[in-house]
Amino acid sequence: MNCLIIGSGPAGYTAAIYASRANLSPVLIEGPQVGGQLMITTEVETFPGYPEGVAPFQMMDDMRRQAERFGTQFMEGIVEKVDFSCSPKKVWLDNGTLLESETVIVATGASAKFLGIPSEEEYKGRGVSACATCDGFFYRNKTVAVVGGGDTACEEATYLAGLCKKVYMIVRKPYLRASEIMQQRVLNNPKIEVLFEHNTLQLTGEPKVQGADLVYRKGSAEEEVRHIEIDGFFLAIGHKPNTDLFAAYLDRDEEGYIKVQGDSPRTNVAGVYAAGDCADPHYRQAIVAAAAGCKAAMEAEKYLKQ
Ligand code: NDP
């Protein structure tokens, strides 16, 4: 095989469109969440070409069909093991299949971290989101909460304050971890109320999120359960790139993002490329991932010609 693509988000599908048009006969492994992280959002309104917005399912299906039209083959399955020390590179799926390919494009994305409380799962798509830029618009003039005290949480809270009536920040420590400038933006914003030393117990409401039960100073003499009324609950406690599988072969930064060379998707292994959120700690946008997928396919083509 010439080109194996791991992942079915915007990076993977775009790599497949370019690789199949270049006659590389790519095979794309769709992974555990077909369509990628975007599938957990409500509507995509930022991707160019969709003036009325588009349902994530529709957009990802469009990309998939576009790749299929040029001959991409799709495989269900989850990659369990890789060996990038040899040529061709080896990739094993959870069903035992061994695939061998001259080039591999890693587009495995990242996963937003969740708190792990049961109601988070229950309300996914009904008031729980891990992306303010994707879903904030649906909470115009409403009240929302953002969990986390880092730069992402401050950025999301500030963004949401531009749209919403009120934003609570639920911060487990007595201070924010974010950079000084981000903290000041939050603390000086009259629409944002920071609830320090609070943790979330559960979300309430029917059929959508209408409130959250929080606990203040858990485990201390002042411990107290408090209730806030909210329409949306945004997680901003960090992302984890899905790259553990590649740890033995690909250079990664301390957070696990695959290191690429300059603005190319080249990794430290010749013939292996990383595109999208698995290699992008900064932007985490579908359009940026799609662009990286395009570059990865073009690099793969160049490598195969050489
Ligand atoms: P961080 O790891 O910096 O912050 C995560 C926040 O979530 C912390 O406040 C942490 O609390 C809190 N948290 C983690 N787990 C839980 C939990 N289970 N319950 C409650 N709270 C929890 O992640 P970010 O995504 O904010 O940032 C990642 C990196 O990206 C950082 O280096 C950041 O500086 C950078 N970044 C920079 C931006 C910019 O410069 N504009 C924008 C966005 C990100 P605690 O403090 O108690 O651990």
Side-chain angles (χ1 to χ4, degrees), residues 37 40-41 46 109-124 127-136 144-162 167-189 192-203 209 211-220 223-228 230 232-244 252-260 274 276-289 292:
Q37 270 194 95
I40 59 167
T41 67
T46 44
S111 305
K113 292 183 193 159
F114 282 80
L115 295 171
I117 55 172
S119 45
E120 240 170 10
E121 201 50 49
E122 196 183 310
Y123 288 104
K124 243 183 222 172
V128 171
S129 167
C131 178
T133 8
C134 321
D135 295 333
V144 298
V146 175
V147 189
D151 277 315
T152 302
C154 288
E155 207 167 71
E156 306 236 314
T158 308
Y159 174 78
L160 288 165
V167 179
Y168 290 105
M169 270 184 84
I170 304 170
V171 180
R172 65 181 176 182
K173 296 249 172 78
Y175 53 85
L176 294 169
R177 181 206 281 225
S179 54
E180 191 55 35
I181 185 165
M182 294 304 290
Q183 292 195 31
Q184 288 314 316
R185 269 184 212 161
V186 159
L187 299 171
N188 293 329
N189 191 320
I192 304 176
E193 181 178 342
V194 185
L195 303 173
F196 288 109
E197 298 181 83
H198 281 74
N199 278 288
T200 312
L201 293 175
Q202 62 166 352
L203 301 171
V209 168
D213 291 333
L214 312 178
V215 56
Y216 172 66
R217 292 205 169 166
K218 190 170 168 34
S220 78
E223 178 172 325
E224 190 185 310
V225 173
R226 295 173 177 173
H227 181 80
I228 54 171
I230 50 169
F233 184 78
F234 288 83
L235 278 310
I237 59 170
H239 280 77
K240 189 182 179 311
N242 305 319
T243 61
D244 289 350
R252 302 186 300 162
D253 70 11
E254 61 277 8
E255 290 174 66
Y257 291 95
I258 297 170
K259 288 187 183 172
V260 289
D277 286 11
C278 65
D280 176 10
H282 302 295
Y283 300 106
R284 302 188 197 118
Q285 298 297 306
I287 188 75
V288 180

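All heavy atoms count here, side chains included; hydrogens, waters and symmetry mates do not. Read the numbers this way: they start at 1 and go in the same order the structure lists the ligands and their atoms. As the structure is a prediction and not an experimental result, all values here were calculated from the model.
Using a 4.0 Å cut-off to heavy atoms of G150, the atoms of ligand 1 that qualify are 4 (O), 6 (C), 8 (C), 9 (O), 26 (O). Listed by number with element, the atoms of ligand 1 under 4.0 Å from a non-hydrogen atom of K173 are 45 (P), 46 (O), 47 (O), 48 (O).
Distance from atom 44 (C) of ligand 1 to its nearest protein heavy atom, with residue and atom name: T152 OG1, 3.4 Å. Looking at atom 32 (O) of ligand 1, its nearest protein heavy atom turns out to be E255 OE2, 4.6 Å. Scanning all protein heavy atoms for the shortest distance to atom 33 (C) of ligand 1 gives D151 OD2, 3.5 Å. From the protein, the heavy atom lying nearest to atom 23 (O) of ligand 1 is G238 CA, 4.1 Å.
For atom 4 (O) of ligand 1, a protein heavy-atom neighbour is present inside the 4.0 Å cut-off. Less than 4.0 angstrom separates atom 30 (O) of ligand 1 from none of the non-hydrogen atoms of the protein. Taking a distance limit of 4.0 Å, we find that atom 37 (C) of ligand 1 is approached by some protein heavy atom.
Proximity annotation for atom 39 (C) of ligand 1: of E254, M169, E155, E155 comes nearest, heavy atoms only. Of the listed options R284, E156, K113, R177, R177 places a heavy atom closest to atom 46 (O) of ligand 1. With distances taken over non-hydrogen atoms, the option nearest atom 19 (N) of ligand 1 out of I237, V147, L115 is L115. Remark: among candidates H239, R172, H198, the nearest residue to atom 20 (C) of ligand 1 is R172, based on non-hydrogen atoms.
The distance criterion of under 3.5 Å between nitrogen or oxygen atoms is met by G149 with respect to ligand 1.
Remark: side-chain polar atoms of E156 are not paired, donor with acceptor, to backbone N or O of F234 under 3.5 angstrom. Panel note: side chain D151, backbone S179; a donor-acceptor pair is recorded below 3.5 Å. A distance-only check finds a donor-acceptor pair linking the side chain of Q183 to the backbone of A178 [under 3.5 Å]. Of the possible donor and acceptor atoms, none in the side chain of D277 sits under 3.5 Å from a partner among the backbone N and O of D280.
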Inset, instruction - Begin with the C-alpha distance, continue with both residues' side-chain angles, and end with the deciding distance and a verdict on side-chain contact (heavy atoms from CB on, under 4.5 Å) for E120 and L235. - result: CA-CA 10 Å; E120 240 170 10; L235 278 310; 3.7 Å; yes

Inset, instruction - Run the numbers on I117 and L201 for side-chain contact (heavy atoms from CB on, under 4.5 Å), then give the verdict. - result: CA-CA 7 Å; I117 55 172; L201 293 175; over 6 Å; no

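Of the N and O atoms on the side chains of R252 and T243, at least one donor lies less than 3.5 Å from an acceptor on the other residue.
Note that the CZ atom of R172 and the CD1 atom of I237 stand 7.5 Å from one another [nearest 0.5 Å]. We find the CD-CG distance between E223 and N199 to be 10.0 Å, quoted to the nearest 0.5 Å.
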